[in-house]
Protein chains: 2
Amino acid sequence: MAHKRRSTLKDVALHAGVSITTVSQVVNNSTGGNIRISQETRDRVWQAVQALGYTPNASARSLRTRKTNLLAVLVPDIANPFYPQLIRGIQDVASENGYDLLVYDADDRPEREKAFVEAILRRQVEGVAMVPFYLGREDFVRITQANIAVAIMTSTPPPMPGVDVLQVDDTQALSAMLDHLISKGHRRIAHLSGVLGTIAGDCRLAGYRRALERAGIPFDESLVCIGNFRAGGVPGLIDQLFAQAKQPPTAIFAANDVMAIATIYDLKRRGLRVPDDIAVCGYDNIPEAGMMIPALTTIDQQMQQEGQMLARLLIERLESKNKLVERAIPLEFRLVIRNST
Amino acid sequence: MAHKRRSTLKDVALHAGVSITTVSQVVNNSTGGNIRISQETRDRVWQAVQALGYTPNASARSLRTRKTNLLAVLVPDIANPFYPQLIRGIQDVASENGYDLLVYDADDRPEREKAFVEAILRRQVEGVAMVPFYLGREDFVRITQANIAVAIMTSTPPPMPGVDVLQVDDTQALSAMLDHLISKGHRRIAHLSGVLGTIAGDCRLAGYRRALERAGIPFDESLVCIGNFRAGGVPGLIDQLFAQAKQPPTAIFAANDVMAIATIYDLKRRGLRVPDDIAVCGYDNIPEAGMMIPALTTIDQQMQQEGQMLARLLIERLESKNKLVERAIPLEFRLVIRNST
DNA sequence: AAATATTGATAAAACGTTACAGCAAAAACG
DNA sequence: CGTTTTTGCTGTAACGTTTTATCAATATTT
């Protein structure tokens, strides 16, 4: 199969009998200062473009203009249904604005997050959206110093000048959830945590402790099991929980819906009824949460819209030439009470 | 926040007191023919690289070498848990081999698939993996003519010279599934289809008909409802199914697991027991399928490995400079019998 | 009719990199 | 010691764009 060399501006110029500059200006329909091109030549150029099937070379263009039109997103675990929705949201806004999107799945491995940083620096990505688990201040510094716009979703306040955040302050939502459980009579509420040392994991555990405290329920360490945000480990966690609990829990708060759903099924397999014998609630409101039986009580995050928001933050920052002061957009949470509690 | 200009080869060269060429050769540790550089200079160069925080400019490099080190993947619906796994597989292999990955979610919209084609041509992506729903022969022609490697997952034989396919021949698997249902005594087996006019949708419907025929069961149109691969529409489909069926079905085969799972929950809500009153089976074996209760009988596709395979096909083709004859790798399917049937 | 302004197009330089050929100095050879 | 070979490095020319300045040829003004 003979594949032709891609045609370049030069080819088009030759074919149309004009200069390279002219072709460039026509295809970009440049509007700058004193650029005048007759309709006649414009047509001739477009004809040539069609005839040769010309497509601009993005690398050359980027090299010259210092614009790559690339955004990137880093997610901790693309297999968690939470993140595809976030990605979709980002992609929506990105492609509306002429950006393409690089997606990196860290697969929960710190070294992959580091690799992400290297990759975006190499690629001269213009902006990155992330849900960082392991990256720290020094990584953000490297990124922003390379003049890359950054928007992250996290619970800590803007960690850096020039970094926008979707601020996950779920204190209130977690309190509401715990209050709900308490109002149903629960006092021994267990927590299956996410990975400790990660932002989301630490944050949810802290929120759980805070909410308990506020409700006047003493924190009981034997009711906490350290998980990893994934479904696979859940049966083991439940074993551990029942083994170590001084008194068995009457409710379980899992760090995310994926774990909560796995918990419900596991409890069912053990012959326990949810919510009659034990209540379960999660966090994220992934689509499965509303569908299953019993439907899962959880905290809604509106992932797709948050993705759109992340992308918008980036694009605004880019259009402002990164002169914007950093912003922290508080996220809206909603306790969704269903019949798993 | 003053962001410094990125340092370039030139800066490094100056700092190390050597020529640009030398720096380039060191950082690429070029191995070509007669390139000799003393260890001493190598060290000096690396020091300078460290000192200045030099990162190669990917655009410039691509422009010069005609290698973008970019792959792209197109999926029909990233919210379907099937695809994130595929993406993860692709990403695994891609990053192992030094490629970055552009991800496009078509959101089931034909125009987004078209937009994908434009984007990859602009970007000079080196290879694309796709699960095309709406793209046709002429689109593939455009892509291959631009000398982009293509690997697709589809049920039709290789549609183009130079296009590799993961060949979904599920005739056998579907037969096995239907045989299984029949052996359980089912004769009225309904089908909730995917979108017709899409490759996967048509294929699964055809496979269903073929398998029925082979089993000697007459095809009953009133047992088929046209769905869209998503969970949302399922309750309506079930309504429709029960309304239009001449005789109510005793089993339902959904075109994918997402629909099958939604079906099971919907039936439960109607007070029907699965599998006692009605059996349900799906297709894909997404993680949720094995977890739920009743666990779903389905056809396993090993998505992550298939993703890896797609990426490998691409990379092999790239390394062969696209001189490879097109390949069709038959996929392995496995009927996974669980207790929804 | 001379001076000035406008229109339409272009040549040349730069963006940061890699490939190729070349060249001096040192080493090896006769 | 003269010649050849090897070693270590460098200059230059692309790659395909966009940008800036410039320049003829008209058109408009005085």
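Below, chain A is the first sequence line, B the second, and so on; all start at residue 1. Computed over heavy atoms, backbone and side chain alike; hydrogens, waters and symmetry mates excluded.
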What nucleotide among dT17(C), dA11(C), dT18(D) has an atom nearest to a side-chain atom of Thr21(A)? dA11(C)
For dC9(D) and Thr41(B) - does any side-chain N or O of the residue sit under 4.0 Å from the phosphate oxygens OP1/OP2? yes
Give the rounded distance in Å between these two atoms: NZ of Lys10(A) and C1' of dA11(C). 14 Å
For dT18(D), does either OP1 or OP2 sit under 4.0 Å from a side-chain N or O belonging to Arg61(A)? yes
Take the protein atom CD of Gln25(B) and the nucleotide atom P of dT7(D), then report the distance between them rounded to whole Å. 15 Å
Under 4.0 angstrom between Ser19(A) side-chain N/O and dT10(C) OP1 or OP2: yes
Polar side-chain contact Arg64(B)-dT18(C) base: donor and acceptor under 3.5 Å: yes
Would you say Asn28(B) reaches dT18(C)'s phosphate, i.e. side-chain N/O to OP1/OP2 under 4.0 Å? yes
Look at all strands and tell whether Ser59(A) reaches a base, only sugar-phosphate, or nothing, counting heavy atoms closer than 4.0 Å. nothing
Between atom CD1 in Ile20(B) and atom C1' in dA19(C), what is the gap in whole Å? 14 Å
What contact category does Ser24(A) fall into here, base, sugar-phosphate, or nothing, at under 4.0 angstrom with non-hydrogen atoms? base
In terms of side-chain heavy atoms, does Ser62(B) have a donor or acceptor partner in Ser59(B) at a distance below 3.5 Å? no
May I have the distance from Leu63(B) (atom CG) to dA14(D) (atom C1'), rounded to whole angstrom? 9 Å
Between Arg66(A) and dG16(C), does any side-chain N or O lie under 4.0 Å from OP1 or OP2? yes
Give a yes/no answer on whether the side chain of Ser62(B) brings an N or O atom under 4.0 Å of OP1 or OP2 in dT17(C). no
Which heavy atom in Gln91(A) sits nearest to a heavy atom in Arg112(B), and how many Å separate them? CG-NH2, 4.3 Å
For Arg122(A) and dT17(C), what is the distance between atoms CZ and P respectively, to the nearest whole Å? 14 Å
Pairing of Arg5(A) and Asp11(A) as salt bridge, 4.0 angstrom limit: yes
Using a cut-off of 4.0 Å on non-hydrogen atoms, how would the nucleic acid contact of Ile37(B) be classed: base, sugar-phosphate, or nothing? sugar-phosphate
Counting only heavy atoms from other residues, nucleotides and ligands, does the tally under 6.0 Å from CD of Glu40(B) exceed 12? no
Start at the 5' end of DNA chain D and walk down; is the nucleotide closest to Val18(B) or to Ala60(B) reached first? Val18(B)
Grab the CZ-P distance between Arg6(A) and dG16(D) for me, whole Å please. 10 Å
Carboxylate-amine/guanidinium proximity below 4.0 Å for Glu316(B) and Arg327(B): yes
Provide, to the nearest angstrom, the distance between the CG atom belonging to Leu14(A) and the C1' atom belonging to dT10(C). 15 Å
Collect all protein-nucleotide pairs involving nucleotides 23-27 of chain C in which both atoms are nitrogen or oxygen and the distance is under 3.5 Å.
none

Set of residues satisfying salt bridge (Lys or Arg N to Asp or Glu O under 4.0 Å) with respect to Arg88(A), sequence neighbours excluded: Asp77(B), Asp105(B), Asp107(B)
Determine the contact category for Thr22(A): base if any of its heavy atoms lies under 4.0 Å from a base atom, sugar-phosphate if only primed atoms, P, OP1 or OP2 are that close, otherwise nothing. base
Paired with Ile152(B), the side chain to side chain contact (heavy atoms under 4.5 Å, CB included) test is passed by just one of Val165(B), Val131(B), Leu135(B), namely Val165(B)
Arg36(B) has an atom CZ; how far is it from atom P of dG22(C), in whole Å? 19 Å
No-hydrogen, no-angle side-chain donor-acceptor test under 3.5 Å, Tyr134(B) and Asp139(B): no
